[in-house]
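All remarks here apply to the structure that follows.
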Amino acid sequence: MTNIDTKIAAFGAWKSPIDSNLIVADSVRLGQARICGNDVYWTEGRPKEEGRDVLVRHDGARCTEVTTAPYSVRTRANEYGGGSFLATQEGVSALFFCNNEDQRIYRIGAAGAVQAVTAGGALRYADAIFDGKRTRLIAVREDHRIQGREAINTLVGIDLATSEETVLQSGHDFYSSPRLSPDGSQLAWLSWDHPNMPWDGTELWAAPIEAGGELSPPQRIAGGADESIFQPEWSAAGELHFVSDRTGWWNLYRHRDGETQALHPMNAEFGQAQWIFGMSTYGFDQHDRIVCTYTLNGRAQLAILDTQEDCIETVATPFQAISSLRVGDGFAVFVGGAPTIAESVVRVDLHSGQYRVLRSSTNASAPLDYLSIPEAIEFPTERGLSAYAFFYRPRNPAFAGPDDTRTPLLVLNHGGPTAMTTATLSMAIQFWTSRGFAVVDINYGGSSGFGRAYRRRLNGQWGVVDVEDAVNAGRYLIERGEVDADKIAIRGSSAGGYTTLCALTFRRFFKAGASYYGIGDLTLLAGDTHKFESRYLDSMVGPYPARKQLYFDRSPINFTDRLESPLILFQGLKDKVVPPNQAQAMYDAVKAKGIPVAYLTFEQEQHGFRRAENIKRALDAELYFYAKVFGFVQADDIEPIDIDNLPASQGQR
């Protein structure tokens with residue numbers, strides 16, 4: 001039964017207050033948080049300022065901008081960045097940040113003056129820490145000065161008086177997480193080598209620092225090719241802590257008197273896939289207490305681990321996604337979200353458990369009765385296994401679909417592929433559900449958050465397991481009578497775009513698809529991507545060129561004769577992760593076959609769209625595309641897009 005004032009309209013054609021203007025209006029992309037004394041700092045990417053990343057401080061009373069135009073606080077180390085700024089009061093009160101345009105490190109002094117610390121050129125920096133004893137920064141450096149070869153990664157010391165740089169560690173393909181002991185006498189760090197990614201296998205090292213600032217021969221504390229170490233940290237007592245997945249789950253450990261001890265083992269994830277620098281899931285409170293976050297069944301918990309009593313106590317909050325956790329004096333800060341709370345910078349009092357939001361990623365709001373609350377589902381997939389997702393039903397109090405119809409379904413595939421989706425309020429998802437679409441957001445096999453075995457399901461099976469899980473999520477919802485089997489679309493970005501293209505090419509299940517900077521040609525990607533992911537395909541597909549035929553067989557571009565469903569592609573022309581030639585080749589092939597296809601490019605965008613006008617245009621264009629291929633009239637006034645091979649009966653308007 002529907003309310004007497006409810007209008008009956010085709011699913012997809014509902015008018016909604018959650019439009020593309022609302023989504024980009026006063027919205028920001030929240031970055032990592034840090035604490036310095038009582039002040040909280042974070043970065044926020046601003047689509048309305050052409051994607052500029054601004055450093056913001058909250059002093060306990062209000063927010064202020066620390067950096068002004070033209071500075072943009074972003075490092076491009078490993079292309080994905082992270083660890084782009086540092087705040088310190090140790091011996092010198094200063095802020096340090098990496099600037100996107102020239103990739104130099106800058107210092108902001110107490111009077112607000114901005115001064116370059118590094119010389120620039122083809123050098124990038126990340127994950128800097130302050131070495132007060134030696135008045136220097138210690139950072140990861142990525143050196144692109146030698147043309148024709150991959151970048152060289154090292155740990156360097158940067159003298160703040162002279163800007164002279166000294167290489168402290170070299171020889172490994174990658175470094176991250178340099179951490180000084182409280183007395184400044186030891187340095188710990190992570191390293192790993194091709195073909196591993198940091199969630200496959202890393203090594204934790206520590207070394208004494210000699211009088212001249214150089215390192216003594218280091219000792220390997222933990223890790224290896226089959227053990228992923230995450231976030232080394234020193235306690236106030238000078239004991240090295242870290243997260244390891246040696247048991248199959250990322251759990252906390254302590255290195256004491258030459259021995260490594262597990263701290264309250266659980267079948268839960270205390271670590272996260274290290275896609276960016278500067279990630280943090282725990283910190284130290286007083287009296288042997290570790291404030292931490294862990295993920296269980298796809299949902300995050302905030303907790304306090306008492307290492308003396310070996311007990312863990314949950315801190316009750318509504319947040320189901322938590323990252324960038326930092327601990328201050330009696331409080332913690334994190335970036336978190338919940339089904340009715342958009343991603344936010346949150347401060348929690350560790351004594352009372354009360355929290356407050358310091359900054360939300362959006363000032364946009366919609367009435368609660370327009371918000372679709374996700375249902376966590378577990379559904380059967382291939383080989384007798386299960387996979388996980390969040391299912392969103394259509395919700396709009398002003399509309400209902402005709403009684404004899406069911407809702408179209410959008411199947412979402414996150415990027416990575418070793419990432420994870422959460423139940424955080426996303427206005428981009430509510431954009432669809434408030435128009436009459438159902439959405440299923442999948443944590444397919446290979447996702448983080450469900451243990452190492454689940455994360456490794458995709459090894460050698462990329463383009464197979466993820467596609468199977470996408471299909472089976474749709475089948476599960478069809479069998480439950482939730483969705484229209486003839487109006488199921490698949491969409492995803494980056495690695496999720498690859499899943500989208502594979503599903504449309506190799507399976508006869510989805511009726512349309514949208515690929516955002518997705519991969520169509522694995523062979524092309526193997527020879528034309530950045531250093532961090534240049535050997536990622538060794539584990540996801542197989543070593544190249546030894547498995548050259550498999551790369552061919554898993555590339556949708558080689559089998560467009562099998563593709564029968566309409567497709568829309570979106571691509572940033574400055575993308576270094578998935579170059580534009582991937583989308584162009586896919587578009588050309590599909591167009592030549594005569595299938596409805598659209599291709600939108602954005603000249604200034606890189607990997608992931610950052611500008612408000614482009615985010616809005618892409619979202620509107622995707623809705624317009626579905627309206628044409630699924631045969632409904634969208635309620636929004638949208639600038640048309642060109643769709644090649646669209647039958648005349650469907651029209652361009």
Please report the C-alpha distance between Lys576 and His530 in whole Å, then the side-chain angles of each, then the deciding distance to 0.1 Å, and finally whether the side-chain contact (heavy atoms from CB on, under 4.5 Å) criterion is met.
CA-CA 7 Å; Lys576 301 296 185 184; His530 59 123; 5.6 Å; no
Please confirm whether the ring centroid of Tyr536 lies under 6.0 Å from the ring centroid of Trp199.
yes
Taking the six-membered ring for Trp, are Phe552 and Phe559 ring centroids under 6.0 Å apart?
yes
Does any pair with a residue in residues 510-521 pass side chain to side chain donor-acceptor pair (under 3.5 Å), and if so which ones, sequence neighbours excluded?
Tyr516-Glu622
Can any side-chain N or O of Asp173 pair as donor or acceptor with the backbone N or O of Asp193 at less than 3.5 Å?
no
For residues 42-51, the salt bridge (charged side-chain N to carboxylate O under 4.0 Å, His left out) pairs (sequence neighbours left out) are Glu44-Arg46, Glu44-Arg359, Arg46-Glu49, Arg46-Glu65, Glu49-Arg52, Glu50-Arg611
Please verify the inter-ring angle class for Tyr444 with His414; under 30° counts as parallel, over 60° as perpendicular, anything in between as tilted.
parallel
Just say parallel, tilted or perpendicular for the rings of Tyr626 and Phe437, cut-offs at 30° and 60°.
tilted
Less than 4.0 angstrom from a charged side-chain N to a carboxylate O is my criterion; do Asp636 and Arg435 meet it?
yes
Carboxylate-amine/guanidinium proximity below 4.0 Å for Arg124 and Glu79
yes
When the aromatic ring centroids of Tyr498 and Trp462 are compared, is their separation below 6.0 Å?
yes
Of all pairs that satisfy side chain to side chain donor-acceptor pair (under 3.5 Å), the ones with a partner from residues 552-562, not counting sequence neighbours:
Gln549-Asp553
Assess whether a salt bridge exists between Lys616 and Asp19, defined as any Lys/Arg side-chain N lying under 4.0 Å from an Asp/Glu carboxylate O.
no
